[in-house]
Amino acid sequence: MRVRFAPSPTGFQHIGGYRTALFDWLLARHARGTFLLRIEDTDIARTVPGAVEAIIEGFQWLGLDWDEGPLIGGPFGPYFQTQRRDIYRAMSNQLITGGHAYQCFCTADRLKQVRDEQQARGEPPRYDRLCRRINSEERARRVADGEPYVVRFAVPTEGATLVDDALRGAIRFENANLDDAVLLKSNAYPTYHLANVVDDHLMRITHVIRAEEWIPSAPLHVLTYAALDWAPPVFVHVPDVLGPDGRKLSKRHGAVPLLEYRDRGYLPEAVLNYMALLGWSFDDKADVLSRDQLIASFSLERVGTAGARYDPGRLLWFNGVYIRQLSPADLADRTLPFLERPQDQGGLPDSVSRPLDRAYAERVVGLERERMKTLADAAEMTEFFFTEALEYDPALLIAKGMDRERTLDGLRRADKLLRASRRWVAGNIEPKLRELVAELGLKPVQLFTSLRVAVTGRTVSPPLFDTMEVLGRQRSLNRLARALVLLAEK
RNA sequence: GCCCCCAUCGUCUAGCGGCCCAGGACAUCACCCUUUCAAGGUGGAGAUCGCGGGUUCGAAUCCCGCUGGGGGUACCA
């Protein structure tokens, strides 16, 4: 089995594009076949510099490796269509010779005019085949004269073409409804229709997996394979990924470049897992599936036919799941860059000196692991572990059902007790403070809230005693002392 | 307009004629756990399986029509 993903470098790829690529990859890996990448860069006007690099970076980030293609080459290269122009030209000539294609000299202006007239008459806009009727002498003369032309496919005018789709069965198209599509542009670059068919055949592709938007042009491709006397591959038109509005995900309807998920602190394994479930399912119970499980269980039979809406909330949930599965060391490795980036890019305050202490950061991040939804959350959540001064409203020190005097008393007693404590670990601090709570006749929350605010400057934090342990004796006691001052002044 | 695809809780989906007055997950609500927030646990609400006809002893599952949504209709892919 040989499968390919063939992106066009005309912009960034979003979740939808990579989801289709993922299906390609999973199918190939499941079957221990070959997965290759081919760059369809034939639209030179729309080609965006850097787009190829970005696409490749996305594959690398997701961990989708390819066996042939950019960077590594392969036995059926080149894998950039702009480097295969001689091949397309030869095939185009072969089609012309065989009577399956013809030169068309119509100008863009005339084409537009024809279309406008057809539309005015309520007819489907299609090429009127004027040049298909030109006799061979005139055609040869005009070509020899250097008149610009495109090459069009001469679609049969009668009968029907069947597209056999692996997911949907046979789809029937009346040939009378088909258009004489352009195969070779006047600049001698091929269109998708020619290049795709030629390359898929030459590269021995067995399964063409592409988005359902290609169904309407599939009969043309089937016809082209036949005209070249080639056996067509298995066609698999997978459902689209839809935006929140129910329309096909697109750049201008909120779609985001895949790599932006990386920059927003998403884990590639989470994105991968989420994408796999967009149009494919395993069974009625499992959703958290590792890369290996995905490969082992993927099959075309379980790919659906209906478009799947992109749900950011579900992706976020997956991300949390995968973050919680990380070891503290691994999580720290991945989170450090997010913490260390500049403050205006979402990192810790610039007053915190970089690089961070690796061991300390690992302990901090370990405490926040089950609260983090993205790696980017870490900076805001852990800030108080890294800064010196805490800014907070002293009123927060007074817990519900408490007053200033009792809070002051509780914190003073805690302070005294903590200063006397020898081993600064949660397991030692906690029982002492709990004894104090009982002695004062308070509820745990009444004292601990005050301590939490004193030590972290906020009402929400990881478990208090672990937090104090990581923060360390000195820093914790300093902050407690400062809280006592603030409260006394209040 | 014409051609094509699709249709189960808000969302992703299970279901391929009887096990389904429809199961799971996300989101949501409540409760439990609990030093806060999470995480976790339990439970609830949420889909007359888009609608109408058939076929069948029996249909979410098969067929037809309708409606709705989407895609295509470029010398873009």
Side-chain angles (χ1 to χ4, degrees), chain A residues 6-11 40-43 45-46 104 106-108 111-112 115 118-119 121-126 148-152 163 165 167-168 171-174 176-179 181-187 189-193 195-196 210-219 237 239-240 242 244 246-248 274 277-288 301-302 304-318 320 324 368-373 381 399 430 433-434 437 443-453 456 458-465:
Chain A
S8 178
T10 51
E40 308 217 324
D41 52 356
T42 56
D43 188 353
R46 288 202 313 154
C104 167
C106 293
T107 63
L111 259 21
K112 183 180 187 314
R115 265 197 296 272
Q118 287 167 328
Q119 297 219 12
R121 272 179 271 133
E123 294 171 11
R126 248 182 316 216
Y149 64 85
V150 302
V151 175
R152 288 182 183 273
V163 174
D165 182 275
L167 263 28
R168 304 155 206 265
I171 305 171
R172 180 189 171 89
F173 295 84
E174 295 300 326
N177 289 325
L178 267 27
D179 202 359
V182 172
L183 299 178
L184 206 64
K185 309 174 200 175
S186 57
N187 63 6
Y189 280 89
T191 61
Y192 173 90
H193 305 303
N196 189 264
R210 60 197 349 179
E212 61 176 315
E213 59 181 328
W214 290 105
I215 294 177
S217 49
H237 292 98
D240 281 327
L242 277 22
R247 309 188 62 123
K248 189 177 74 169
Y274 173 72
L277 264 15
L278 242 31
W280 175 83
S281 63
F282 180 56
D283 60 13
D284 61 346
K285 56 181 201 337
D287 348 67
V288 178
E301 288 75 60
R302 299 197 66 88
T305 47
R309 213 174 284 228
Y310 164 65
D311 179 359
R314 193 165 157 85
L315 206 210
L316 197 61
W317 174 76
F318 270 109
R324 275 172 252 132
E368 295 285 11
R369 183 174 58 176
E370 61 191 39
R371 265 153 285 264
M372 288 167 59
K373 290 280 191 289
M381 292 173 105
E430 177 164 359
L433 287 172
R434 284 198 186 278
V437 164
K443 283 187 282 189
V445 67
Q446 292 177 305
L447 207 221
F448 296 164
T449 294
S450 306
L451 275 169
R452 183 187 313 284
V453 172
T456 71
R458 45 180 85 180
T459 54
V460 172
S461 81
L464 179 60
F465 313 109

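Just so you know, these numbers use all the heavy atoms, side chains as well, and skip hydrogens, waters and symmetry mates. Naming convention: chains lettered A, B, ... in sequence-line order (proteins, then strands); numbering from 1 in each chain. Predicted, not measured: the structure shown is a model, and the values here were computed from it.
At a cut-off of 3.5 angstrom, the base of B:A39 holds no donor-acceptor pair with the side chain of A:R371. For B:C5, the base has no donor-acceptor partner in the side chain of A:R168 [N/O atoms by modelled type, under 3.5 angstrom]. Side-chain N/O atoms of A:S186 and base N/O atoms of B:C75 include a donor-acceptor pair closer than 3.5 Å.
For A:E370, the listed nucleotide lying nearest its side chain is B:A38; candidates were B:A38, B:C75, B:C12. The listed nucleotides are B:C12, B:G70, B:A38; the one nearest the side chain of A:L277 is B:C12. Taking every side-chain heavy atom of A:V150 into account, B:C75 is the closest of B:C4, B:C75, B:U35. The nucleotide whose nearest atom lies closest to any side-chain atom of A:F173 is, among B:U36, B:C3, B:C6, B:C3. Of the listed nucleotides (B:A77, B:C37, B:C5), B:A77 has the atom at the smallest distance from the side chain of A:Y192. Among the nucleotides B:C2, B:A77, B:C6, the one closest to any side-chain atom of A:T305 is B:C6. Of the candidate nucleotides B:U35, B:G24, B:U13, B:U35 has the atom lying nearest to any side-chain atom of A:P444. Checked against B:U35, B:U36, B:C5, the side chain of A:L464 finds its nearest nucleotide in B:U35. Across B:G40, B:C4, B:G1, the shortest atom-to-atom separation from the side chain of A:R324 is found for B:G40. Of the candidate nucleotides B:G1, B:A27, B:G70, B:G70 has the atom nearest to the side chain of A:R247.
Of the inter-residue distances, the one linking A:R452 atom CZ with A:R458 atom CZ reads 11.5 Å to the nearest 0.5 angstrom. A distance of 10.5 Å separates OG1 of A:T191 from CZ of A:R152, quoted to the nearest 0.5 Å. Separation of atoms CZ (A:F282) and CG (A:L277) is listed at 11.0 Å; rounding is to 0.5 Å.
The side chain of A:K185 places an N or O atom within less than 4.0 Å of a non-bridging phosphate oxygen (OP1 or OP2) of B:A77. Side-chain nitrogen and oxygen atoms of A:R434 include at least one within less than 4.0 Å of the OP1 or OP2 phosphate oxygen of B:U35. Note on A:R152: a side-chain N or O is less than 4.0 Å away from OP1 or OP2 of B:C75.
A donor-acceptor contact shorter than 3.5 Å links the side chain of A:R302 to the backbone of A:S281.
B:C9 and B:C2 have their C1' atoms separated by 36 Å, with the value rounded to a whole Å. Nucleotides B:G43 and B:C51 place their P atoms 31 Å apart, quoted to the nearest Å. For B:C21 and B:A60, the C1' atoms lie 13 Å apart once the distance is rounded to whole Å. Atom name P, nucleotides B:C19 and B:G15: the rounded distance is 15 Å, in whole Å. Taking atom P in both B:C62 and B:G44, one finds a spacing of 31 Å when rounded to whole Å. Between B:C4 and B:U8, the two C1' atoms lie 24 Å apart (nearest whole Å). When the P atom is used for both B:U28 and B:C37, the distance is 16 Å, rounded to whole Å. Rounded to whole Å, the separation between the P atoms of B:G50 and B:G10 comes to 12 Å.
Pair check for B:U56 finds none; no Watson-Crick or G-U wobble contact set falls under 3.5 Å. When both pairing distances are held under 3.5 Å, B:C21 makes no Watson-Crick or G-U pair with any nucleotide shown. With a 3.5 Å ceiling on both atom-pair distances, the Watson-Crick or G-U wobble partner of B:G43 is B:C29.
As rounded to whole Å, 11 Å separates atom P of B:U28 from atom CG of A:D311. In this structure, CH2 of A:W214 is placed 16 Å from C1' of B:C5, rounded to the nearest angstrom. A:R126 has its CZ atom 12 Å from the P atom of B:C4, to the nearest Å. Following rounding to the nearest Å, A:R309 (CZ) and B:G69 (P) show an atom-to-atom distance of 12 Å. Put simply, CD1 on A:I215 is 12 Å from P on B:C4, counting in whole angstrom units. Atom CZ of A:R302 and atom C1' of B:U13 are 10 Å apart (whole Å). The interatomic distance linking A:Q446 (CD) with B:U35 (P) rounds to 13 Å, in whole Å. Straight-line distance from the NE2 atom of A:H193 to the P atom of B:A77: 8 Å, rounded to whole Å.
Taking both residues in full, the closest heavy atoms of A:D311 and A:Y274 are given as N-OH, 2.7 Å, listed atom of the first, atom of the second, then distance.
Residue order along RNA chain B, read from the 5' end via each residue's closest nucleotide, puts A:E174 first among A:E174 and A:L184. RNA chain B is contacted by both A:T449 and A:Q119; A:T449 maps to the nucleotide lying nearer its 5′ end (nearest heavy atom per residue).
The residue A:K373 sits close only to the backbone: its heavy atoms come under 4.0 Å of sugar-phosphate atoms, none of a base. Within the 4.0 angstrom heavy-atom criterion, only backbone atoms of the sugar-phosphate kind lie near A:L278; the bases stay farther away.
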### Query
Which is it for A:R371 and A:V460 under the side-chain contact (heavy atoms from CB on, under 4.5 Å) test, yes or no, and what are the steps along the way?
CA-CA 11 Å; A:R371 265 153 285 264; A:V460 172; 5.7 Å; no
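Relative ring orientation between A:H193 and A:W214 is described as perpendicular, the plane-to-plane angle rising above 60° on a 0-90° scale split at 30° and 60°.
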